Amino acid sequence: MNITVIGPGAIGSLWASYLTEAGHSVNVWSRSFDEQIRIQRDDHDAIELANNNINQLNNADVILVTLKAPYVTQVLSTLVEHINSDTILLLMHNGMGTASDVQQMLPANPLLLATTTHGAYRPSSKQVLHTGQGKTLFGAVNESGQQCQFLVDVFNHALPTVDWHSNIEQALWNKLAINCAINPLTALYAIPNGHLGQSQYRAQLDSVIDEVCQVMQAEGIEVENSELHASVHDVIRATSDNYSSMQQDIAHQRLSEIDFITGYVVAKAAQHRIDVPSNTKLYQAIKQIEQSW
Ligand code: PAF
């Protein structure tokens, strides 16, 4: 297949590399002005991929968007006229809230959302390390997206496991809850994920999870409070030495995904008239840091 990866950061470069290895014709769209970019995964040979090539974008069967949530609408709006209406759009990022904008911009395109637990790290712009094996879920946003379940086989062949989820919202909310619990707290206190297991963070962590759980229930998502707490703690343990993506963004003074993580929950809570003071405080604290730069 002809696949364009928009936003070849750590996860985008990982997929670009595996999809190329699986025999697909992959190109990228990035901030770089170079016509080609080089990606070397772990100790494999480096690959060269065309970059910012309008013809290839126009001929793409699939566009995998691995931009961070705050950049999705902004970047796609500059490319709309070059995107064919048959091209499948697949959004893969932390947080929620971009799909409705993308659907408005490109209403005819099949639109899918994905969530992944693979770990990837980019020590330099040309190198990507696959730091943790994970699972990926795809699901449809619109009717034409429902016809694209075959894509699971294509991507699963390149980097297993990939499964189809008939209610991707459910999976995205579960991931969102984990990000709401881990990301802002680790960013605020500048700590690795594992430190959140310490007793001094317990009350704040518990109340963030309780609030998210209430909002999920109001949204009609199937969720059990104790299971949500358990899955947050599982991720804290499994990623104990890692610094969360938001911690890294804040430490490097980069725009974080707070609006699409905690901000999304706070906005949904307001719609349901649910008080979420712990999440609101964290949201404001991260926004304040970003505004102070
Ligand atoms: O955003 C992140 O860093 C990750 O989604 C997670 C699960 C919090 C692990 O660090």
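Each ligand, and each atom within it, is numbered from 1 in the order the structure gives. Keep in mind the model is a prediction, meaning the values are calculated, not measured.
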Heavy-atom neighbours of F150 CZ exceed 12 at 6.0 Å: yes
Enclosure of D275 CG (heavy-atom neighbours >12, cutoff 6.0 Å): no
Linked, directly or transitively: V65 and L57 (ILVMFWY side chains, under 4.5 Å): yes
R237 side-chain N/O to G197 backbone N/O, donor-acceptor pair under 3.5 Å: no
One pair per line, please: each N/O atom of ligand 1 matched with every protein N/O atom under 3.5 Å away, atom names first, then the distance to 0.1 Å.
| residue | atom | partner | partner atom | Å |
| --- | --- | --- | --- | --- |
| ligand 1 | 1 (O) | N94 | ND2 | 2.8 |
| ligand 1 | 1 (O) | N179 | ND2 | 3.4 |
| ligand 1 | 1 (O) | N183 | ND2 | 3.0 |
| ligand 1 | 1 (O) | S245 | OG | 2.6 |
| ligand 1 | 3 (O) | S245 | N | 2.8 |
| ligand 1 | 3 (O) | S245 | OG | 3.4 |
| ligand 1 | 5 (O) | K175 | NZ | 3.4 |
| ligand 1 | 5 (O) | N179 | ND2 | 3.0 |
| ligand 1 | 10 (O) | N193 | ND2 | 2.9 |

Single-linkage hydrophobic cluster L64~L76, side-chain heavy atoms < 4.5 angstrom: no
Heavy atoms from other residues, nucleotides or ligands near CD of Q200 exceed 12 (cutoff 6.0 Å): yes
